[in-house]
2 protein chains.
Amino acid sequence: MNVFIANIKGHTANLTAEESWHCYKVLRHKAGDEIFMIDGKGASYKGVLVTANEKQCTAQINEGPIYQQKRNYYLHLAIAPTKQLDRIEWMIEKAVEIGVDELSFIKCKNSERVNIKIDRIQKIVESAVKQSKQAFIPKVNELTELKTIVKNTSEIKLIAHCEEEDKEHLKEIEFKNKSVFVMIGPEGDFNNEEIELAKNNGFKALSLGNTRLRTETAGLYVVQALALLT
Amino acid sequence: MNVFIANIKGHTANLTAEESWHCYKVLRHKAGDEIFMIDGKGASYKGVLVTANEKQCTAQINEGPIYQQKRNYYLHLAIAPTKQLDRIEWMIEKAVEIGVDELSFIKCKNSERVNIKIDRIQKIVESAVKQSKQAFIPKVNELTELKTIVKNTSEIKLIAHCEEEDKEHLKEIEFKNKSVFVMIGPEGDFNNEEIELAKNNGFKALSLGNTRLRTETAGLYVVQALALLT
């Protein structure tokens, strides 16, 4: 059965404008059809469409809310967009499938790409949430300068860079019940000044194993590590 | 410095035909240039080109062999090709970056794609090996019927399917020093007959966590799990 994102008020669910269009025009649902809905905040519902047109689809809820089990950590991943957009886009899709709470994009000195279409990312995120049968939609933030983003106040702050030094290993960090913020650099890596700035703001260097991972692989590696190790 | 795949004999390295062409025509190397080489079996070398033309590049080795550290498990991943070829292709790239020993492709009842270009996969594998600074090239096998592939003789045999039942959890399996064979099904999943056949051939059902992963995400999840949990 198809899943739609809706605003819930009591026993009534109003599909968002875009979802209404998709529900009515693309999937050709009509009043009387049964649909699944999520509120994007962790709850899912079952209901029957009472109004269905391309501007507004509304359903009467007859089952729910059913709450998605919460992860025992909060992961905020901040990553520099890759030169090839499809690489960062698939990473986002996969990260959401596996489980991430917040996504940010960093503008670095060595960034080959200094723009990203947040609307497009938002759509990828929502589609991955629905496909993987989740009910919580991760928060997506705009592209931000590194000097601003390092001020983040998470309990664990990590920077994954390729310079050689003593690094923290994923397996040795206790992520359970913690808010975690991880920064992944661009293809050309963070420069020394940026690494220094991060450290002065409470970041520790993070090792991602023995092989050299691409930016997007590194991002997904972190998401998956937390899913596996907590 | 660029890395090339070469056949090593004593102190002489002959780049493969394709690598010779790439070295001479694309990267415009000439005799006297210093290059890095790998033999694809785990050893890397440094040397100086003595002959360079589009048919054959030959180098005199002056450093090496340096051996890549072996993983403490052998992972053979068998996956059903996805309908969209780029999805399986990126999975292969990422799996190689993180670490896999052997790759196979399975033909299932619900497969929407029943062909795959092994030459193209081989190129993606080699490129990912070089990019991630490894020296071992994973083995790539042809598309094989499920009924044949289940005969595999690895020590640990796992099947990741979406039917509900008691499943093994990645965290609870001891993979260290074991040969591991994991099968990932197509978009439409393995059917009951296939799951039964696998079980009769020593496979156990594997859980990949609480969210429903796409075929290619599931494949990468397994590769990364072994890298993290061993």
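Chain letters run A, B, ... following the sequence lines, proteins first and then strands; every chain starts at 1.
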*asked:* Rounded to the nearest 0.5 Å, what separates atom CH2 in Trp90(A) from atom NZ in Lys94(B)?
replied: 5.0 Å
_Atom pair CD (Gln131(B)) and CG (Leu213(A)), whose distance is rounded to the nearest 0.5 Å_ = 8.5 Å
*Flag the one option from Arg87(A), His169(A), Gln68(A), Gln69(A) with the top tally of heavy-atom pairs under 4.5 Å to chain B.*
Arg87(A)
*Do you know which of Asp86(B), Leu220(B), Leu208(B) has the most heavy-atom pairs with chain A at a distance under 4.5 angstrom?*
Leu220(B)
Does atom [atom1] ([X]) have a neighbourhood of more than 12 heavy atoms from anything else shown, all under 6.0 Å?
| X | atom1 | answer |
| --- | --- | --- |
| Arg212(A) | CZ | yes |
| Lys133(A) | NZ | no |
| Glu165(B) | CD | yes |
| Glu18(B) | CD | no |
| Lys199(A) | NZ | yes |

*Exam field: side chain Gln224(B) to backbone Gln224(A), donor-acceptor pair closer than 3.5 Å*: no
*Determine yes or no for a side-chain-to-main-chain donor-acceptor pair under 3.5 angstrom, with Lys171(A) supplying the side chain and Leu229(B) the backbone.*
no
*Taking atom types as modelled and ignoring hydrogens, do the side chains of Thr211(A) and Gln134(B) form a donor-acceptor contact shorter than 3.5 angstrom?*
no
*Region of Ala128(A) that comes under 4.5 Å of a non-hydrogen atom in chain B*: neither
*asked:* Between Leu170(A) and chain B, with a heavy-atom cut-off of 4.5 Å, which part of the residue counts as in contact: side chain, backbone, both or neither?
replied: side chain
